[in-house]
Chemist: 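Can you keep this structure in mind? I'll have questions shortly.
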There are 2 protein chains.
Amino acid sequence: MNTPTKSERILNAAEELFARHGYDGVTIRQIATKAKVDVALASYHFGKKEDLFKAVFRRRAEILSASRREVLLASQAQSNGEKQTLEQIIEAFLLPLKLAQESNDPGWRNYMALLSYVMTSPVWNEILMPTAFDIHVKEFIDALEQVLPGAKIEDIHWCYHYVSGALALTLAQTGRIDRLSDGACQSSDFDAAYNRMIPFVAAGFREVCRGD
Amino acid sequence: MNTPTKSERILNAAEELFARHGYDGVTIRQIATKAKVDVALASYHFGKKEDLFKAVFRRRAEILSASRREVLLASQAQSNGEKQTLEQIIEAFLLPLKLAQESNDPGWRNYMALLSYVMTSPVWNEILMPTAFDIHVKEFIDALEQVLPGAKIEDIHWCYHYVSGALALTLAQTGRIDRLSDGACQSSDFDAAYNRMIPFVAAGFREVCRGD
DNA sequence: TTGAATATTCAACATTTGTTGAATATAGTG
DNA sequence: CACTATATTCAACAAATGTTGAATATTCAA
């Protein structure tokens with residue numbers, strides 16, 4: 001386990017702070033302090049603050065996107081010839097996130113919250129999501145089309161939107177479900193969140209997308 | 001139609017800006033400029049910036065909360081004696097938001113995005129949601145318990161969490177569904193979002209909460 | 001019309017902001 | 001070794017930040 005470079009420490013500190021407080025809620029000095037690094041070093045390595053934010057977001061976005069595609073393709077290959085099930089597709093979409101969350105790397109957990117922030121921000125969504133995720137999300141939607149024959153394309157998109165929202169709130173880890181349920185559920189329990197999300201979402205898709 | 005006071009203009013301007021850029025992404029001077037008001041006036045009327053934000057959030061939260069409770073009670077009264085359906089409860093939960101969105105008051109549309117921001121922010125969720133929404137959300141969850149006999153309380157809470165997430169992303173109006181669907185769907189089309197969300201969510205609840 | 005209460009303006013403040021340029025240290029290469 | 005490129009520090013900058021206190025205007029009741 002090699003110790004991270006100063007450059008990596010900056011990314012990690014920025015990741016953690018941006019995830020919790022958003023882009024404008026964090027100063028470069030806070031990042032530098034947490035990374036135990038001189039203030040000027042962030043600008044030297046990453047340029048403007050906006051570029052640092054983009055760098056933080058893209059670092060793991062690429063890993064995540066590749067992992068998702070891999071899982072989706074593996075799932076398609078496994079059921080050779082046979083049609084995939086709706087559940088398999090949704091599972092392939094969620095599994096990489098679950099694995100990331102369960103990994104011991106706390107950076108991934110921070111990144112999940114950052115992803116949620118970008119997904120729900122009107123400003124950053126438009127800037128970052130298209131280039132980072134669109135291509136592979138479209139593959140996912142194509143797969144859904146194939147497993148839901150006759151479904152209207154708008155229905156599929158709206159259902160995907162609901163999945164996306166349920167996922168985003170899960171990633172945000174606001175602790176709200178802990179408070180509302182008096183501790184019966186925990187925001188940090190991704191296993192619980194994912195295991196139920198798959199049947200929930202699959203049932204929703206089938207109901208909305210069946211050709212009445 | 002009486003012209004808004006300066007104090008109201010500040011709230012309206014703050015609402016619009018906070019909704020789009022978040023708490024830290026907005027300066028008091030931006031708010032004052034948009035409200036066509038002196039900078040010092042915001043502090044005079046609302047105190048600290050944080051207090052202004054809370055005032056903006058709470059103004060419509062109370063209206064919304066009251067409206068939701070009213071619709072839920074009316075729905076319970078209508079089906080007198082008979083058990084409510086799951087769909088009726090979900091509809092009661094969503095209807096006030098739909099009405100707010102469809103009203104001509106652009107302030108309500110801004111507020112929807114602000115609500116989404118608070119719901120997904122780890123920081124603000126904890127500060128504002130419990131006092132503003134918890135009581136009536138618990139009523140909603142009680143109603144769900146009654147209509148889903150035998151369901152585990154954790155399952156209900158997780159399903160509510162998914163509804164909450166789907167709703168939050170809808171309210172955010174990021175424009176992402178417009179881009180992903182090449183214009184087949186629109187973020188601003190709350191009618192489309194709402195009409196599909198009810199069957200989607202109801203089917204999800206039934207699947208997850210049935211006692212296997 | 002008084003006087004008091006409230007509303008609004010103006011100017012200023014101490015901090016904090018992101019960023020830069022020059023100076024210095026470190027690492028890598030011939 | 002010397003030389004160069006990269007990395008890091010230090011100090012400083014102009015601009016923007018939230019907030020305040022005193023001064024002025026407006027409202028409103030007596």
Side-chain angles (χ1 to χ4, degrees), chain A residues 1-59 107 110 114 117-118 121 123-124 126-128, chain B residues 1-59 107 110 114 117-118 121 123-124 126-128:
Chain A
M1 158 177 171
N2 33 12
T3 57
T5 66
K6 296 197 176 187
S7 168
E8 287 167 333
R9 292 217 305 272
I10 292 172
L11 286 175
N12 292 338
E15 190 171 56
E16 183 175 341
L17 289 169
F18 282 142
R20 179 157 183 85
H21 300 99
Y23 176 76
D24 297 290
V26 177
T27 71
I28 302 215
R29 281 175 171 81
Q30 288 177 304
I31 295 170
T33 300
K34 181 173 271 279
K36 290 175 183 169
V37 144
D38 189 89
V39 207
L41 208 54
S43 300
Y44 171 73
H45 280 294
F46 301 100
K48 310 276 180 205
K49 183 186 178 185
E50 192 173 326
D51 296 322
L52 169 59
F53 184 80
K54 290 178 182 171
V56 170
F57 182 76
R58 286 180 181 140
R59 177 172 59 153
N110 293 331
L114 181 67
Y117 169 73
V118 170
S121 157
V123 174
W124 288 109
E126 182 166 9
I127 296 174
L128 292 175
Chain B
M1 160 176 168
N2 34 13
T3 55
T5 66
K6 296 196 176 186
S7 168
E8 288 167 333
R9 292 218 303 273
I10 292 172
L11 285 175
N12 292 338
E15 190 171 56
E16 182 174 343
L17 290 169
F18 282 142
R20 180 159 183 83
H21 300 100
Y23 177 76
D24 298 290
V26 177
T27 71
I28 303 217
R29 280 175 172 82
Q30 288 177 304
I31 295 170
T33 301
K34 180 171 272 277
K36 289 173 183 168
V37 144
D38 188 89
V39 208
L41 208 55
S43 300
Y44 172 74
H45 280 295
F46 301 99
K48 309 277 180 204
K49 182 185 179 186
E50 192 172 324
D51 297 321
L52 170 59
F53 184 79
K54 290 177 182 172
V56 170
F57 182 75
R58 286 178 181 143
R59 176 171 61 153
N110 293 332
L114 181 68
Y117 168 73
V118 170
S121 156
V123 175
W124 289 110
E126 183 167 7
I127 296 174
L128 292 175

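Not measured: the values here are computed from a predicted model. Throughout, protein chains are lettered first and strands after them, A, B, ... in sequence-line order, and every chain is numbered starting at 1.
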Chemist: Can you find a side chain N or O atom of A:Ser43 that sits less than 4.0 Å from OP1 or OP2 on C:dG18?
Modeler: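 Checking C:dG18 against A:Ser43, no side-chain N or O comes under 4.0 Å of OP1 or OP2.
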Chemist: Answer yes or no: is there a side-chain heavy-atom contact under 4.5 Å between B:Phe53 and B:Phe18?
Modeler: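 Heavy-atom side-chain distance check passes, below 4.5 Å.
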Chemist: Rounded to the nearest Å, what distance is computed from the CG atom of residue A:Asp24 to the C1' atom of nucleotide C:dT16?
Modeler: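 Whole-Å distance recorded here is 15 Å.
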Chemist: Got a donor-acceptor contact below 3.5 angstrom from the B:Glu126 side chain to the B:Val123 backbone?
Modeler: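 No.
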Chemist: Please check: side-chain N/O of A:Arg9 versus main-chain N/O of A:Lys36, any donor-acceptor pairing under 3.5 Å?
Modeler: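 Checking the backbone N and O of A:Lys36 against the side chain of A:Arg9, a donor-acceptor pair under 3.5 Å is found.
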Chemist: Just N and O in the side chain of A:Lys6: are any of them under 4.0 Å from OP1 or OP2 of D:dT9?
Modeler: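 Checking D:dT9 against A:Lys6, a side-chain N or O does come within under 4.0 Å of OP1 or OP2.
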Chemist: How many Å lie between CG on B:Asp38 and C1' on C:dT6, as a whole number?
Modeler: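 For the pair B:Asp38 CG and C:dT6 C1', the rounded distance is 16 Å.
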Chemist: Considering only C:dC10, D:dT8, C:dG18, which nucleotide approaches the side chain of B:Ala40 most closely?
Modeler: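 Out of C:dC10, D:dT8, C:dG18, the nucleotide with an atom closest to B:Ala40's side chain is C:dC10.
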Chemist: Between the main-chain N or O of A:Asn12 and the side-chain N or O of A:Lys34, is there a donor-acceptor pair closer than 3.5 Å?
Modeler: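 Pair absent, no side-chain N/O of A:Lys34 close to backbone of A:Asn12.
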Chemist: Between A:Arg29 and A:Val37, which residue's closest nucleotide on DNA chain D lies nearer the 5′ terminus?
Modeler: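 Closest to the 5' end, via its nearest nucleotide, is A:Val37.
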Chemist: May I ask you to verify if any side-chain N or O of A:His45 is less than 4.0 angstrom from the OP1 or OP2 atom of D:dT6?
Modeler: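 For D:dT6, OP1/OP2 do not have a side-chain N/O of A:His45 under 4.0 Å.
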Chemist: Only one of B:Arg20, B:Glu16, B:His21 clears side-chain contact (heavy atoms from CB on, under 4.5 Å) with B:Val26; which?
Modeler: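 The option that passes is B:His21.
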Chemist: So, B:Lys6 side chain and B:Asp38 main chain: donor-acceptor pair closer than 3.5 Å or not?
Modeler: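 No, because the side chain of B:Lys6 does not come within donor-acceptor range (under 3.5 Å) of the backbone of B:Asp38.
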Chemist: So, taking the atom named CG in A:Leu52 and the one named OG in A:Ser43, what distance separates them when rounded to the nearest 0.5 Å?
Modeler: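 Going from the CG atom of A:Leu52 to the OG atom of A:Ser43 covers 8.5 Å.
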Chemist: Calculate the interatomic distance between A:Ile28 atom CD1 and D:dT8 atom C1'; express it in whole Å.
Modeler: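 It is 16 Å, rounded to the nearest whole Å.
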Chemist: Round to a whole Å and report the spacing from CZ of A:Phe46 to C1' of C:dG18.
Modeler: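 It is 16 Å, rounded to the nearest whole Å.
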Chemist: Just the rounded figure in Å: distance from C1' of C:dT17 to CD1 of A:Ile31.
Modeler: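 Value for this atom pair: 13 Å.
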Chemist: Could you tell me whether the side chain of B:Ser121 and the main chain of B:Tyr117 form a donor-acceptor pair under 3.5 Å?
Modeler: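 No; judged by distance alone, with no hydrogens or angles, the pair does not exist.
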Chemist: Nearest-Å distance, NZ (A:Lys36) to P (D:dT9)?
Modeler: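 Going from NZ in A:Lys36 over to P in D:dT9 covers 14 Å.
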Chemist: Does a side-chain N or O of A:Tyr44 approach OP1 or OP2 of D:dT8 to a distance below 4.0 Å, or not?
Modeler: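 Looking at the OP1 and OP2 atoms of D:dT8, neither is under 4.0 Å from any side-chain N or O of A:Tyr44.
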Chemist: Mind calculating the distance between CG (A:Leu41) and P (D:dA11) to the nearest angstrom?
Modeler: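 Rounded to the whole Å, the gap is 16 Å.
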Chemist: Let me check the geometry of the helix from C:dT1-D:dA30 to C:dG30-D:dC1. What is the bend angle between the axes at its two ends, five pairs each, to 10°?
Modeler: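 So the angle between the two local helix axes works out to 10°.
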Chemist: Without decimals, in angstroms, what is the distance between B:Ile10 CD1 and C:dT9 C1'?
Modeler: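 It is 13 Å, rounded to the nearest whole Å.
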Chemist: Listed in order of residue number, which residues of residues 47-59 of chain A have a non-hydrogen atom at under 4.0 Å from DNA chain D?
Modeler: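 Within this stretch, nothing sits under 4.0 Å of the strand.
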Chemist: Could you state the interatomic distance from CZ (A:Phe46) to CG (A:Asp51), rounded to the nearest 0.5 Å?
Modeler: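 With rounding to 0.5 Å, CZ (A:Phe46) is 10.5 Å from CG (A:Asp51).
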